[in-house]
Structure formats: structure tokens, C-alpha cells
Amino acid sequence: MRYNERELLCLARQPAEKAAEILMRVPKKGSGLKRRLVKLVVNFLFYFRTDEAEPIGALLLEHCRITKEEENVFSISFIEEPERKYCFECDSEEQCQEWIEALKRASYEFMRRSLIFYRNEIQKMTGKDPLEQYGISEEARFQLATRKQ
Amino acid sequence: MKLNERSLAFYATCDSPADSAGFLYKRGERHGAYHRRWFVLKGNMLFYFEERESREPVGVIVLEGCTVELCDSRGEFAFAIRFGGAKSRTYVLAAESHAAMEAWVKALSRASFDYLRLVVRELEQQLARVQWSSNVERRVLEREPEQVPERELERAPEQDPERALERRAPRENGCAVWNMAPGTDPLPRGAAPHRASGCEAEAGPRPPPVPPRCRASGGEPAGNTTEPSAFSRLHERYGSEVARLRQQWLERQQGQQP
């Protein structure tokens, strides 16, 4: 699949929502835990070798499942292949929980649901649609009707 | 750089609703010829397929850090997705009608995660302000105004330090403090409080300028950046000043009655 790699690399250099050096294992036969710089930027998780400026790879965090595995460990898998897991071993349980929380909120779909929730609440309390001032109240993507997920 | 392409392809083709979908012509990188492709926008990802029925996208354009502009000089309904930075690619697309072009430009220019996050944060703060004002209002209406502790007027949701000052200014307390004497107007009109006796018969002493309002219904809070405790004290001071002047005026009026 073609993609705009240059722009994605540029995105990887932006300030991250969260970044840390974590042990990571990719779901490839025979691969072990390797220390990686892991960086969350918008709905992408980039991972770098600790001494390189360019990421080895990127994971788009949509339709994924974040699972707590054993102590200090969480995994990311995607709904079409739930057994194929990217594993991350943190330095502490606290760090592990922080990452799980951050990654669960990282998807575009999660953001969209939050927007719909706030829009609805504000409308209930004030009788006004807060999206009108942005000129986006008619956009299909922000409608209150439940979206099939 | 590796990308989780299989998951991307799944995201593109699964039955989660697309934000936009339709045929567009995409100008080729090298030859400048347009190819008709089926485009699907989901979130901040613009996928394109060879055919509408294709099982896998040919490619995807990640829509972060880009601008969308019209380039419809020859009536081709063309527009461009332009990225910043040196040597970056510009994608030129063309729609099949003017309406389609407008709809795509609108959808694409607001497709970024960054934009969505901005709107969500704004709404989050708006909701907090609305909830907080309605709380204060409810508490004030339930009690005598003098009993509302300063503490309550000061407390506010503390989310963003820069916005905190803006948010902590409480809503103006309606008529509760002004209306000290029964049967008088809630908001007395007239001359300024420090002016001496030049009062007209129908006007009472004028209160000091009304503190800026904090609009509850989704608007901006006023640019009142005074400290809340100072505001409450000021409020009380004005209130007692008005009461004193009103009393003086009433006495003067009574003195003038035959």
C-alpha cells in the first residue's frame, strides 16, 4: 500500500503526547524483546531504535485492542488478527497503566465519541449546539446518531 | 519505515462508516495524467482504491499537517492537498462536480486528528464552565446571598492553568445583593455613587459599573482577569455602598416630603 512516507516521518518528529524507552516485541517469529523509543503522536505509535532519528515502524491505532498482560506488560493487537500481538514491557506497573490509558484514548474514533458526548451534554444544558460556531454542526462525522462500529 | 498495512487495509475496508466516499480523479506523480479512483475518508486517513469493489486500497494519504486548497482555474473542479516542508508531495485531485469539490475540500480540511482534538478540548472546557456556573447559580439561589461563602465563588474546575483565571470569574450574582431594601427596583438607576445629592426624583443612586458577565450558554467568559476573592470582596463592597447610598437617598426623600 502506498502512503505518504515523508509526511509520516515528519509526523514522527513532532512533539509526542507520550514517549518512553520501553522493551518491545513485534509479532514476528523468533523476535525477542528489544529496547525501543516508543512515541505516541496523534493516532500513531512510532517506534525507534534508541540511537536513530528515523522510526523503524509505525502503528496506526484504530480498531485495536490494548490488553494488560502480566505485570508491567501490555500488548496492542488489531481486531482482524487478535492473536498477533505487539508486546511492551515497562519499567513499572505505574508506567504500564499510564501507557494503557493513553493508548486507549489515542484513536480518532475515541476522540470522535468524546466530541459527540460533549456536544450532546452542552446541548442538553444550554439548548444550543456548540458546534455551530465552528460551522461543522451538519457534518456527518459529528452527528449524535449512534455510529455502527 | 514499516506500517501495520494489514490493519490499515482492514480499517479501510471494514464496515465502519466512512466520513466521505466517492470517485475522484488523482493526478499521477510523474506523468500528470489523471486516474479515476474510489476514495474513502475515515478519520484522518484518506484511502484510495483502484475500483469501488477493490478489496485493498492502492494507497493512503495521512492527513496531518496539510492544507487543502482549490486549484480550479480551468473548471476542472480540482483541489490540492498540500503538505509543508521541503520536497513534500502535493496531491492534486479533481471532483466530478462543483458541489462534490466543495464537499471534499470541506471534509478534508477538517479531517486531521489535530483539528478534532482542538474542538474536543474546547468543548470539554465549555462543558466544565457550563456545569460550574450552573452549580454556583443553583447554590446561590438556594441560600441567602450573604451566606454564599467566598470559597464557593472561587472554586472552579482547574484544567488548564492558562485558562483558569478566565474561568474562575463567577457569574454576576443577578439581583440578590443589589436589592437590599424591599419594594425597590432590583437594579437601581441613576447617578454614580460618589456624586453628591444631584438626584432626580425618580432615580436612585446609580450602582458602580456592573462587573463583566460570564455568559453561561457556550459563549466566551468575559475578559475579567481579577482574582476571584478580590472580585467577591469588590462585589460585597459595592453592595454595601449601594445600600448606604440608597438609605441616604430615601432619608433625603423623606426629609423633602411635606
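A note on names: the letters A, B, ... follow the listed sequences, proteins ahead of strands, and every chain is numbered from 1.
Around the CD atom of E98(A), the shell of radius 6.0 Å holds more than 12 heavy atoms that belong to other residues, nucleotides or ligands. Within a 6.0 Å radius of CZ in R84(A), more than 12 heavy atoms belonging to other residues, nucleotides or ligands are found. Around the CZ atom of R36(B), the shell of radius 6.0 Å holds more than 12 heavy atoms that belong to other residues, nucleotides or ligands. More than 12 heavy-atom neighbours from other residues, nucleotides or ligands sit within 6.0 angstrom of CZ on R117(B). Heavy atoms from other residues, nucleotides or ligands lying under 6.0 Å from CD of E94(A) number 12 at most.
Heavy-atom distances place the side chain of Y115(B), and not its backbone, under 4.5 Å from chain A. Using a 4.5 Å cut-off between heavy atoms, L11(A) touches chain B through its side chain atoms alone. For E81(A), the part lying under 4.5 angstrom from a heavy atom of chain B is the side chain only. Of the atoms belonging to C14(B), it is side-chain heavy atoms, and not backbone ones, that fall under 4.5 Å from chain A. Only the backbone of S112(B) comes within contact range of chain A, with at least one heavy atom under 4.5 Å from a heavy atom of that chain. If you measure heavy-atom distances from R6(B) to chain A, the contacts under 4.5 Å come from both the backbone and the side chain. Within the 4.5 angstrom heavy-atom criterion, only side-chain atoms of E62(A), from C-beta onward, approach chain B. Contact annotation for E56(B): neither backbone nor side-chain heavy atoms come within less than 4.5 Å of a heavy atom of chain A. Only the side chain of E17(A) comes within contact range of chain B, with heavy atoms under 4.5 Å apart. Within the 4.5 angstrom heavy-atom criterion, atoms from both the backbone and the side chain of A111(B) approach chain A. Interface residue E5(B): backbone and side-chain heavy atoms are both found under 4.5 Å from chain A.
By the 4.5 Å heavy-atom criterion applied to side chains, S16(B) and H63(A) are counted as neighbours. Residues L60(A) and L3(B) are not in side-chain contact: their nearest non-hydrogen atoms beyond the backbone lie 4.5 Å or more apart. Counting heavy atoms from C-beta outward, E64(B) and E7(A) have side chains that stay 4.5 Å or more apart. The shortest distance between side-chain heavy atoms of E109(A) and Y11(B) falls below 4.5 Å. Between V58(B) and R2(A), some side-chain heavy-atom pair lies under the 4.5 Å cut-off. By the 4.5 Å heavy-atom criterion applied to side chains, Y3(A) and I61(B) are not counted as neighbours. For the pair D19(B) and R112(A), the minimum side-chain heavy-atom distance is below 4.5 Å. Looking only at side-chain heavy atoms (C-beta outward), N4(A) and R89(B) stay at 4.5 Å or farther from each other.
The greatest number of non-hydrogen atom pairs below 4.5 Å with chain B, out of G57(A), G127(A), A58(A), is found for A58(A). For the set L8(B), L116(B), L41(B), the entry with the most heavy-atom pairs within less than 4.5 Å of chain A is L116(B). By number of non-hydrogen pairs under 4.5 angstrom with chain B, the leading residue of V41(A), N43(A), L9(A), D129(A) is N43(A).
Atom CD of E122(B) sits about 11.0 Å away from atom CG of L131(A), to the nearest 0.5 Å. Distance check, rounded to the nearest 0.5 Å: CG of L127(B) to CZ of F117(A) gives 6.5 Å. Annotation: the span from N44(B) atom CG to S107(A) atom OG amounts to 10.0 Å, rounded to 0.5 Å. For the atom pair CG of N120(A) and CG of L123(B), the computed distance is 11.5 Å after rounding to the nearest 0.5 Å. Summarising the geometry, atom CD belonging to E124(B) is positioned 11.0 Å from atom CG belonging to L115(A); distances are rounded to the nearest 0.5 Å.
Panel note: side chain E5(A), backbone M1(B); a donor-acceptor pair is recorded below 3.5 Å. Of the possible donor and acceptor atoms, none in the side chain of E80(A) sits under 3.5 Å from a partner among the backbone N and O of F10(B).
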Next item on the list: Would you sort out whether E121(A) and Q126(B) count as a side chain to side chain contact (heavy atoms under 4.5 Å, CB included), showing the intermediate values?
Entry: CA-CA 10 Å; E121(A) 290 297 302; Q126(B) 224 176 78; over 6 Å; no
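Closest non-hydrogen pair, S7(B) versus F78(A), comes out as OG-CG, 3.3 Å. Taking each heavy atom of M125(A) and S134(B) in turn, the nearest pair found is CE-OG, 3.7 Å.
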